[in-house]
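Positions are given from 1 along the sequence.
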Amino acid sequence: MFLCVLLFCLMNVVMSEHKLSSVDFEIFGNVQGVCFRMYTEDEGRSLGLSGWVKNTRQGTVIGQIQGSLDKVNEMKHWLEHVGSPSSRIDRAVFSNQRDISKLEIHGFSTRY
């Protein structure tokens, strides 16, 4: 019985590493003029994610990230709690999270 439970847990870990996910985000706070986009691009690339990031006229930063579910979740944590050194994150909103069968975006870029 213990072996079956252990095997089930291991399979879930392996499956989550290969499951692809996509999520949109909007970050509120002092996130413009503090290199937030550059740090977001760097963090996304270091995690092996694809996506984009962009300033809005409302003073927020929006974007989309795609990749393995575990890495997407790491990036969501970074966006909500870390950000660039000079930023102040008041709120992070994540929407449209969905499973995808293949990456729809390749590479990580800043949009203007």
Side-chain angles (χ1 to χ4, degrees):
M1 179 67 173
F2 174 74
L3 187 59
C4 290
V5 171
L6 181 61
L7 186 59
F8 178 76
C9 289
L10 287 173
M11 285 184 61
N12 280 341
V13 168
V14 170
M15 294 298 284
S16 71
E17 289 175 2
H18 297 292
K19 186 182 229 181
L20 295 178
S21 185
S22 177
V23 67
D24 299 337
F25 64 85
E26 185 166 14
I27 312 301
F28 297 79
N30 183 30
V31 292
Q32 290 190 7
V34 292
C35 300
F36 195 90
R37 291 175 300 165
M38 181 185 76
Y39 277 86
T40 299
E41 203 175 317
D42 289 347
E43 185 68 15
R45 285 184 180 150
S46 75
L47 290 172
L49 295 170
S50 293
W52 58 270
V53 60
K54 177 181 179 178
N55 281 346
T56 69
R57 291 182 180 164
Q58 293 74 33
T60 64
V61 171
I62 61 171
Q64 185 178 74
I65 48 177
Q66 295 184 348
S68 66
L69 182 57
D70 58 332
K71 297 300 182 184
V72 166
N73 286 334
E74 281 186 53
M75 185 69 178
K76 286 171 66 176
H77 180 272
W78 185 90
L79 288 165
E80 188 168 15
H81 300 288
V82 181
S84 66
S86 299
S87 67
R88 186 196 73 245
I89 301 164
D90 293 337
R91 181 167 50 115
V93 175
F94 300 99
S95 59
N96 302 320
Q97 184 151 1
R98 58 193 171 90
D99 294 337
I100 54 176
S101 59
K102 62 179 182 168
L103 294 176
E104 301 161 340
I105 302 168
H106 297 284
F108 214 106
S109 63
T110 296
R111 294 186 179 176
Y112 298 94

Asks: I'd like to know if E41 pairs up with R37 as an ion pair, taking the criterion as any Lys NZ or Arg NE/NH1/NH2 lying under 4.0 Å from an Asp or Glu carboxylate oxygen.
Replies: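 Salt bridge flag = no for R37 with E41.
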
Asks: Does L103 share a hydrophobic cluster with V72, counting links as ILVMFWY side-chain heavy atoms below 4.5 Å and allowing steps through other members?
Replies: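 Shared cluster, no.
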
Asks: Are any non-hydrogen side-chain atoms of W52 and I62 less than 4.5 angstrom apart?
Replies: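 When only atoms from C-beta onward are counted, I62 and W52 do touch, with a gap below 4.5 Å.
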
Asks: State plainly whether one hydrophobic cluster holds both M75 and F94, where clusters connect Ile, Leu, Val, Met, Phe, Trp and Tyr through side-chain heavy atoms under 4.5 angstrom apart.
Replies: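 Yes; F94 is reachable from M75 via cluster members.
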
Asks: For the hydrophobic clusters of this structure (ILVMFWY residues joined by side-chain heavy atoms under 4.5 Å, transitively), does one cluster hold both I105 and L47?
Replies: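 Looking at the clustering, L47 is in a separate group from I105.
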
Asks: List the steps and the verdict of side-chain contact (heavy atoms from CB on, under 4.5 Å) for H77 and E74.
Replies: CA-CA 5 Å; H77 180 272; E74 281 186 53; 5.8 Å; no

Asks: Within this structure, what is the CG-CH2 distance for the pair L49 and W78, rounded to the nearest 0.5 Å?
Replies: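 Reported value, rounded in 0.5 Å steps: 11.5 Å.
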
Asks: Please assess K71 against I65 for the test side-chain contact (heavy atoms from CB on, under 4.5 Å), listing each intermediate value before the final yes or no.
Replies: CA-CA 10 Å; K71 297 300 182 184; I65 48 177; over 6 Å; no

Asks: Could you go through residues 22-34 and list every donor-acceptor pair under 3.5 Å that involves a side-chain atom there, pairing it with any protein atom two or more places apart or in another chain?
Replies:
residue	atom	partner	partner atom	Å
S22	OG	Q66	NE2	3.3
D24	OD1	Q64	NE2	2.8
D24	OD2	N96	ND2	2.8
E26	OE2	T60	OG1	2.7
Q32	NE2	T56	O	2.9
Q32	NE2	T60	O	2.8

Asks: With the side chain counted from C-beta on, respond yes when L20 and E104 share a heavy-atom pair under 4.5 Å apart, and no when they do not.
Replies: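 They are not in contact (no side-chain heavy atoms under 4.5 Å apart), so the answer is no.
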
Asks: Extract all donor-acceptor atom pairs below 3.5 Å that involve side chains of residues 85-93 and protein atoms in other chains or at least two apart in sequence.
Replies:
residue	atom	partner	partner atom	Å
S87	OG	S84	N	3.2
S87	OG	S84	O	2.8
R88	NE	D90	OD1	2.9
R88	NH2	D90	OD2	3.0

